[in-house]
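Working notes for the structure below.
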Amino acid sequence: MNVRMQILDTDYVIIEDRPVVRIFGKDEDNRTVCGFVKGYFPYFYILAKDGKTSDVENFVSAKPAVMKQERVMKRFPRGFSAVPIEMLKVTLRNPQKVSELRELLKTHPAVGEIFEADILFKYRFMADHMVSGMGWLEADGSDVNTHTVKTNRTFNITKLGPFESPKNAQMKYLSVDIETLSKSGALPNPQEDEIIIVSVAFHPEHHNQRSVVLTTRGAETGSVIRCLDETQMLEKLRGIIDDYDPDIVTGFNINNFDMPFILKRMEILRVPRTIGRCNEKTAYTKEIMKNRVRSTIPGRVVADSYQLIKKNFSFKRYGLTDVSRILLKQEKHDVAHSEISKLWNSGDREKILRLIEYARKDAELALDLVTEKKLLDKYLELSKLSGVLLQDSLDGGEAGRVENILLREFNKRNYVVPCKPDTGEIRKKEKEKEDRGLKGGFVLTPKVGLHTDGLVVVLDFRSMYPSIFRSYNICPTTIVTGNTDADTTKTPAGYTFVTKTVQEGIIPNILGNLLEERVKTKRAMRQETDEEKLRVLDAKQLALKLLSNSFYGYTGYTKAKLYILDIANAITSCGRYLIQSVNQTVEQKFGYQPIYGDTDSIMIKIPETDLDKGWELGAKIAEKINGELSGVMQMEFEKIFKSFLILTKKRYAAWKFVKENGHWKDRIEMKGIETVRRDWCELVSDTMNRTIDIILKKGDTKEALNYFNGIMKELIENKIPIEKLVITKNVSKSPTSYVGLQPHIELVKKLQKRNSQDAPGVGDRVGYVIIKGNQLLSKRTEDPEYVKEKRLEIDPVYYVENQLLPPIERIFIALGFTKSELLGKGRQASLLEMMRVKPAQSNVFDGFVCASCSNVYASAPLTGLCQCGGRIQIKTPTGAAEKISIGN
DNA sequence: GCTACTCGGGG
DNA sequence: GTGTACGAGTAGC
C-alpha cells in the first residue's frame, strides 16, 4: 500500500520496550492519518581522547540500554580538517535512556567529546528520513487496526521518504475561550475558581455553525448548549473537539490562560484530557521559564493568536479589543470583567445571554485573527524549509530552525554536530564573548539636521551577511586556526578560511540554496495572478529571507551548538570593511558625500533635485560600485530620499520615493523615532507626525515650529479634545501596596472613594489626565469622563513639559533651534508666563531642584518628591528655589 | 549612555 | 520529553 501525507505532528511511544515513531498528518483526500514506524532506534557519537577508544567501548558495552556500538569514521565539525576521524557510534534501545548515558559519559575520563546526544528522537528520525514538518512524505505500508489513535486511517509504515508537493492539505481550525469567576478578586485560579462558560469557534464551519457556546446557566438554543455542571461542560468540550477534529487549536492568550486553566479543571473534575488525536497521551501545558507556557496536544498544533500577533505586528497594545479593531475592524463585545459576575448572578436570562454572546464573540475574534490575517502562512513555510514541526516553528526561535537544517546538512557530508553547551559551558562562552567582544556593523557618523538641498540616494547590500558567508566561504568546517597546506583566503580582518575549491563550506552552501530559492520564488510571484498562491509564495520568500538572515546571529549565540565567535566576528568585520570601501569609492570616484550609513547601507547626497535624473545618477553609482565588488557581494539601489531629517545615529525620518513600474510612489520612512509610546498621550503622536510631515514635505522648519507653538496655544486655551490627552498606565499590584505616590494609583484611590464598584482593580489599565490645581502632580490625576462632566481644566504645563516637549525637542534641536525658541519666548503668550510661578515675577524656568539634597531634575518627578524624600522646588538661574506650584 | 528588572495577555 | 526557553519598554545607576 502506498500513502502520501503532509506531516502535522510526530512523536513516539514505547511498545514492548521499543520505540514506535508516530507520524500524524493528512492525506491527499484530506483524511487524517497516523503512520507507525518500528525498528528505528536512537544513536549518538563519542570521540574518545587519544587512543582511548577501547576504554570508552568497555564502559559503554556494560550498559544494558546499549543495543549496539561500532567504530565509524566521521568528520569533526569545528575547524577545517581534510579527513574523517574515528568515533564510536552508540545505538540505544530507548530514547529515554540517551540523556542518562550522555551525562554519565560526560564525566568519563576517556571521553573527549560527545556528539548528537541531545537531538529529539522525532527530529533524529525525520532528519534521517529527510522529511519535514508540514512537508509531504510518501510511504509504503499496510493498514492496521488500533484503538490508540483517533485518525481516519492508521497504518504501519515499512518504508518512507520525502515527497515533493506544493499543495497544502486543508486545515481545520478550532478556537476556544473560557469565562471564569474569581473568588479572590485577582486573576482567576483554576484550583478554586470554576469555568462558567466555554465558547468554541470553527473554521470551516461545524454542522453549519460558526461557533457554539457551552454554559451552565441560561437558555439552550441552536448554538448555546446548556450543561448540568462544569464537569459535563468540559466533557462536552472534549466531545466537540473530538467530533470536529481540528488540526489547529487556537485562542487569544490560550497558552497562558485558557489551556492551562481548562486542563487543570479537567484534572480536578476527572475529565479525561485526551483532546488530541491519541487516546492515551493527554494534552498538557508546561511552564517554561517564568510566565511562558507551552501547550501540547498530541496530533494537533496549538497556535496562540495573541502570541502570533505580538510577534508579527507592532502595536501599542495587544489586548483583544485593540487588536480586533485594528486588524479585523471588528468590535469586541463590551463587558467589563467586573461585570461578568454581576451578569452571571443576575438570574436574568437576557443578562446571561449577553455574557454568552460576549464569550462567543471572543472565540470568533481569536479565530478570525488567525484565519483572516493568515498568521500561520509564514510558519508553515518555515517548517517546510527548516524541517521542524509547525508547533516548534510557532513556539521556538531561530536557533532551533537553524540547528535542524545544520544537522541534516552536516550529516549529509559525514560531519557530526556537537551537543548543546551546558550551563557551565554557556557561562564560559558568555565570558569569552564579553572579553573578546563581538563588534557589530559600521555606522557612519551622520551629518545631523535636515537635508533638502539635493536628493539622497540610498544603496543597500543585498543580503549582506549571507553574502559574506558565501563570498569568503565562511563556515565552522572551513575556518583555519593553525597551519594548513590547503589553499586559503583571508578576510579583510585576518580570519582564514579554506577556499571553495578545497572544500565548500556547509553554511555557504545552505545559504546559496536558500538565496537561489528566494530569487526563484520572487520570480514566480511576478507571474502569479492567483491571490491564494501569491500569498503562499510571499510567505515562502519571507521565510527564506528570515532563515538566511538567521545564520549569522546563530554563530554568535552562546547557547548554539555551533557558537563560534571568530566566525561571527569574521562576518561583521567583513561587513565593516565592505561598507567603508564603498564609502570611499563614492567619495573618490564621484566626489559625493555619504551623509549617513548603517551596517549595510549608505546614503549619498547628490546635487540634483529632479527625481528622474537622480534615479539615473543613482543607478550609475550603483553600477560602478557593483563593478568593484567581488564574490557574490552586490548593492541594490531602490530608493531616493527627497528630504532627509537625521537626528542621531539610528534615528531619522525621510521622504522616500521609489519607482514602481515607471511611477513614483512616496512615503515617510522613520527609523528609531518613536511616535507612539504607551506612556504618551495621543496628542504627542499626532503632533510629532504632523511636525515631521511639515519639515519633510515642505522643508519649512519655521512652519513646523509655528505648528508646534499653535498646539501649545490650543493646549493652554483648553481647546484640545480630552481624548487626545489621556495617558494610560497599568495597575500592577494592590493600590495600597505602592510605596511612593504614583499618578495613576492616586486616581484609582479617588475612584474607589467615589464608587468602589467600578474602580479599576489589579491588572486594569487606568486612563488619566492631569488637571490644574495647587496640589502635587500625582494628586492632580483625574478621570477623563469626570473632567468632562465637571468641566475641569487640564494642566497645559504638564502636557508641554512632560509629554510634548521631550520628543519634539529632539527634533528641533537637530534643526538648530534652542529650547527658548521652541517655547516661543518673546512671541505671543510664552508658556513660561502661563506658568505664573508665585509670586508673579519674571522668573526664568530652569528645571527642578530638591530642597534637601539639591539634586536637579529636568522635569519634576511625578511623585513630587526627590529620591531622597525631599520636596521638589523650581530651580531658577539665580539659584533661588521657588516653592513648587505649577499650573495654578 | 548603559544595564537590570518588569511585564505582557487572559477573568 | 535525548527539549532550559522571550523581548520590548522602563526604571535605575
Side-chain angles (χ1 to χ4, degrees), chain A residues 11-14 19 41-44 65 90 92 94-103 114 116-125 176-190 193-197 251-261 281 284 286-294 296 298 304-307 309-311 314-323 335-341 344 355 358-359 362 366 388 392 395-400 403 419-423 426 559 648 674 676-679 729-730 732-733 761-765 861 867:
Chain A
D11 69 356
Y12 74 94
V13 286
I14 299 291
F41 296 94
Y43 59 88
F44 63 89
V90 180
L92 309 199
N94 187 334
Q96 288 147 356
K97 301 287 182 198
V98 175
S99 64
E100 194 184 313
L101 182 57
R102 179 190 66 216
E103 293 309 310
I114 305 162
E116 300 183 16
D118 57 358
I119 294 156
L120 256 39
F121 188 55
K122 60 187 177 192
Y123 281 129
R124 161 62 73 202
F125 173 87
V176 193
D177 178 54
I178 59 167
E179 305 304 324
T180 62
L181 295 178
S182 162
K183 288 190 182 72
S184 65
L187 266 172
N189 167 3
D193 299 319
E194 62 177 77
I195 301 172
I196 56 170
I197 296 173
F252 201 78
N253 204 24
I254 189 176
N255 276 337
N256 266 304
F257 185 73
D258 303 74
M259 207 35 102
F261 206 108
K281 280 194 188 178
Y284 63 90
K286 192 170 183 176
E287 198 163 340
I288 42 178
M289 263 182 67
K290 218 173 82 173
N291 209 31
R292 199 124 243 106
V293 181
R294 183 190 165 148
T296 307
D304 188 328
S305 44
Y306 158 71
Q307 285 178 357
I309 284 154
K310 208 168 173 202
K311 254 201 219 165
S314 176
F315 296 142
K316 200 165 163 187
R317 298 198 17 81
Y318 292 90
L320 184 56
T321 310
D322 306 62
V323 166
V335 177
H337 61 251
S338 59
E339 229 181 315
I340 294 175
S341 70
W344 184 249
L355 197 56
Y358 156 81
D362 277 8
V388 303
D392 295 324
D395 297 338
E398 291 174 5
E403 265 165 11
C419 290
K420 285 203 181 86
D422 56 37
T423 35
I426 290 169
K559 288 170 188 165
T648 60
E674 322 123 285
V676 279
R677 264 175 66 162
R678 49 177 65 204
D679 54 344
K729 280 214 169 118
N730 209 18
S732 58
K733 52 184 180 179
V762 178
D764 282 344
R765 310 264 325 164
Q867 297 160 351

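Letters go in sequence order (proteins before strands), and every chain restarts at 1. Model, not experiment: these values are computed from the prediction.
- Judged by distance alone with a 3.5 Å cut-off, a donor-acceptor contact links the side chain of Arg294(A) to the base of dG3(C).
- Ile119(A) comes within contact range of at least one nucleobase, with a heavy-atom separation under 4.0 Å.
- Under the 4.0 Å criterion applied to side-chain N and carboxylate O atoms, Asp392(A) and Arg294(A) are assigned as salt-bridge partners.
- Closest to the side chain of Asn253(A), from the set dG9(B), dC6(C), dG11(B), is dG9(B).
- Using a 4.0 Å heavy-atom distance criterion, Lys559(A) is classed as a sugar-phosphate-only contact.
- Nearest nucleotide to the side chain of Thr180(A), out of dG3(C), dC6(C), dG11(B): dG11(B).
- Using a 4.0 Å heavy-atom criterion, one finds that Lys97(A) contacts no nucleic acid atom at all.
- With dG10(B), dG9(B), dG11(B) as the candidates, the nucleotide lying closest to the side chain of Tyr358(A) is dG11(B).
- Checking dG11(B), dA5(C), dG3(C) against every side-chain atom of Ile288(A), the shortest atom distance belongs to dA5(C).
- In this structure, Lys420(A) reaches the dT4(C) phosphate: one of its side-chain N or O atoms is under 4.0 Å from OP1 or OP2.
- Counting any heavy atom pair closer than 4.0 Å across all strands shown, Tyr318(A) reaches sugar-phosphate atoms only and no base atom.
- Using P as the reference atom, dA8(C) and dG9(B) are 14 Å apart when rounded to the nearest Å.
- Separating the P atom of dG1(C) from that of dA5(C) is a span of 15 Å, rounded to the nearest Å.
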List the steps, then state whether side chain to side chain contact (heavy atoms under 4.5 Å, CB included) holds for Leu187(A) with Asn189(A). CA-CA 6 Å; Leu187(A) 266 172; Asn189(A) 167 3; over 6 Å; no
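- Distances from the side chain of Leu120(A) to the nucleotides dG9(B), dG1(C), dC6(C) place dG1(C) closest.
- Under 4.0 angstrom from either OP1 or OP2 of dT4(C) there lies no side-chain N or O belonging to Arg292(A).
- At a threshold of 4.0 angstrom between heavy atoms, the contacts of Phe252(A) are confined to the sugar-phosphate backbone, with no base atom among them.
- Across dG3(C), dG1(C), dG10(B), the shortest atom-to-atom separation from the side chain of Tyr284(A) is found for dG1(C).
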